[in-house]
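Keep in mind the model is a prediction, meaning the values are calculated, not measured. As a basis for the values below, the full set of heavy atoms in this structure was taken, side chains included, without hydrogen atoms, waters or symmetry mates. Note on naming: letters A, B, ... go to the chains in the order of the sequence lines (proteins, then strands), and numbering restarts at 1 for each one.
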Amino acid sequence: MVRKWQLALLGVLLLVLLAACSGDEENAGSETEGSEESGDEAVETEEENEITLEYWQYSFDSKVKLMDDLIAEFEEANPGIKVKQTNFPYDQYNEQVATQVPAGKGPDVINLFYGWVPTYVDAGYLQPLPQDAFPHEQIEDEFFPLVEATKMDGEYWTIPTAVRTLALFYNKDLFEEAGLDPNSPPETWEELEDYAVQLTKTDGDRLEQSGMAWEPAQQGHQWLRDGLTIQAGGQVLGEDRKEVVWGDDPAGLEAFKYWLSFPTDLGTSEQGFFTDDVTAFITGKAAMNVDGSFRIGSLQSDAPDLNYAVAPLPGKEAKSTNSSFWTNGITDGVEGEKLEAATKFLEFLTTKDVMEQWIEATGELPAKEEVAMQDKYVDDEIYGPFIESLPFANAHFFIDEAKERELVVDAANRVLMEGAEPEDAFNQLVESTQELYDEYWSDK
Amino acid sequence: MEQQNYSLKQDPEYTPRPNKKSIIKKFRGSQKLQKYLFVYSCLLLPILFYFGIRIIPTLFTFNVGFRDWNLLSTGAQPFVGFENYLTLFKDEVFIKSLLNTGVYIVLGVVGQLLFGIIVALLLHKINRFVGLFRVIYFIPYVTSIVAISWVFQWILMGNGIINDVLVNLGIPPQPFLNSPDQAIYVIIAAMIWQAIGFQMVLFLAGLENIPDMLYEASEIDGATPWQKFWHVTFPLLNPTIVFSAVIGTITFIQVSFTQVINMSVDGSGGPLNSTLSVVVYIYQLAFQQFDMGLASAATVILFLFIMALTIFQMKVLTKKFDY
């Protein structure tokens, strides 16, 4: 009796096993097929002519909410097109995008940090913007020239709604405490040094209040590249974006030394002071900081009582600041009606109206000159200095944002922690950056 | 065997058959065969699952390691032979990460075994509040690594509480996580602190298993406490030590990810790559530079590294002690 029962169970088990194995294959098969077709399916089914666009951007509360509203507006104006927004946390954004590619899934329109675009273009992930909707002359005419940072191989691959610039944030209360006029922020390199020293408080060897927050891994590396170097009369990259000319002009080294003087000779700054520059500035432990317009929102929510103001970056021979942006592109493989819909969506995202909604909701500045330079923004106490900086803003062409940042951080650490000569650290920085570019261009 | 035959004969349905039997008949006739088949098919199911999610992906990693594989690219992934491995061995950062991983393992595993044994021996001696102490020592192990890492970062920062104490004692403030010379040891210390609880539990179990009569016998022989530890406790704890060392090594390689990401100043193994571990570097290669080929090659190297280390530990550390 027992034997029969066992036999029966055995049989069932074997059947289950077989079913599981074959089921696996079937599932796997249908899954890949499904994903290959999913694009077309979306076009053909669902009332025959409804198109669904996948839009991906990173999770940034104000942007996600605004985008939901904008999508509703867009869908109303364009019946037959639906847009679905998906968000991933900033830290995992690239990882999430990357892991979806082998599965054949992914967005039709994607929001990327401009510094990542070359990597994506390189991998064949994006397609160039359609020229009939976005003629090059028109882009170059209407948008700030910094959007050229994502122009590669003679094509524009992405187009932003908004851009950000770096400026000098300063704490008015701490200015007054140190006997400085909170209405006349530093305008030159010398003044900045002078102010930073006066705003610094120490207790023996230890820094109690930093006159100038200094964090190479945050905005520090951008300030050095697109701010100080160009202000001193130098350039990081040659015209062709292949040659690192940072070291060719003495201005490069001059900027590097000036940048490093804050944590060294002047003793006004310390890396990792109260964990990072933003925390130090918010908690009133740092009197000045170089930061972007994207910080305004979090300053308003995290430190509503902080009495601060913003000024354009102090300059030298020339004025210059760094700018950066998140930008939208269409992925490779989107074609036909879907491409038309995606193009329409991008056109919508670059209208004057959307740009105005964008600055109100997120604090990011309009990417079109005509929209940004309106009096209501230029005269704004907080936005004004950022807008003012736009005409002389530069967005460094990154081939690998993370790597290039790391090289600058390492160069600084070599001087600060290993006691290397600034000249040597700078030359090594230029050399290793050039190696990175050589490697990138070698297989083009 | 005998029992089996006996039971077969007792079976009411059992009838002697002629010598020439078909397989099916043989199968039907043999309860032993049926039993094994049943057991094996029960064991087979988890194995299939394990194959699907572990073995096959692992083997696939070997394949990817030989290819030029960009994660974002949907195009071809050409076979490039050992090129990825050559690139890695010419890569200073990778070599540095291997060395760092060595430091993490050697100091970290020795440290957690040492402190685990000490805490277990102390707890073994007391009779009161044993439960309380066990809980206190075990709590770090079940606390979120991320939370602990940030607490350490705050205590150790330039204006943090530890530097306050140091300055009050007349010692100059230390950079700790901001120094390429100190950061890795600070992180190892935090990891050891967190792992003590786990090791303590293992060693306590090991200690419980040593019969008291051995200690009594050695006492009669006039053994000093140190001799008792070295000649009785230590040899009999050997299986526990081997197990702890192997498990400790493997978990150390794994957790050196979360801790490094959360404690290093730039969140990616800095300053100057002094705290970068192989797993963090693999992550960077795969998901920041999208180079799956290089990342897989690095993973294969790590795999061989762990395997060699584990075999070494098993061979060298395992000794038989009979009393």
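In Q92(A), the CD atom is crowded: over 12 heavy atoms of neighbouring residues, nucleotides or ligands sit closer than 6.0 Å. Heavy-atom contacts from other residues, nucleotides or ligands closer than 6.0 Å to CD1 of I161(B) number 12 or fewer. A 6.0 Å sphere centred on CH2 of W441(A) holds more than 12 heavy atoms belonging to other residues, nucleotides or ligands. Atom OH of Y185(B) is surrounded by 12 or fewer heavy atoms from other residues, nucleotides or ligands within 6.0 Å. Around OH of Y40(B), the count of heavy atoms belonging to other residues, nucleotides or ligands within 6.0 Å does not exceed 12.
There is no contact between D291(B) and chain A, counting heavy-atom distances below 4.5 Å. At a 4.5 Å heavy-atom cutoff, the contact between D400(A) and chain B is made by side-chain atoms alone. For T331(A), no part lies under 4.5 angstrom from a heavy atom of chain B. Both the backbone and the side chain of E95(A) come within less than 4.5 Å of a heavy atom in chain B. Residue D181(B) does not touch chain A at all, counting heavy-atom pairs closer than 4.5 Å. Both the backbone and the side chain of P271(B) come within contact range of chain A, each with at least one heavy atom under 4.5 Å from a heavy atom of that chain.
R206(A) contributes a side-chain N or O that, together with a main-chain N or O of G158(B), makes up a donor-acceptor pair within less than 3.5 Å. Judged purely by atom type and a 3.5 angstrom limit, N159(B) uses its side chain to pair as donor or acceptor with the backbone of L207(A).
One finds the CD atom of E418(A) at 9.0 Å from the OG atom of S274(B) (value rounded to the nearest 0.5 Å). Taking CD of Q288(B) as the reference point, atom CD of E406(A) lies at 8.5 Å (rounded to 0.5 Å). The distance from the CG atom of N70(B) to the OH atom of Y125(A) is 12.0 Å, given to the nearest 0.5 Å. Residue K403(A) holds its NZ atom at 4.0 Å from CD of Q289(B), rounded to the nearest 0.5 Å. For the atom pair CG of L272(B) and CE of M417(A), the computed distance is 6.5 Å after rounding to the nearest 0.5 Å. In this structure, OG on S179(B) lies 12.0 Å from CG on L416(A), to the nearest 0.5 angstrom.
Nearest heavy-atom pair across T119(A) and F290(B) is CG2-CD1, 3.5 Å. Of all the heavy atoms in L71(B) and A98(A), the pair that sits closest is CD2-CB, 3.3 Å. Nearest heavy-atom pair across W154(B) and T279(A) is CH2-CG2, 4.2 Å.
V265(B) is not listed as a side-chain neighbour of Q271(A), based on a closest heavy-atom distance of 4.5 Å or more.
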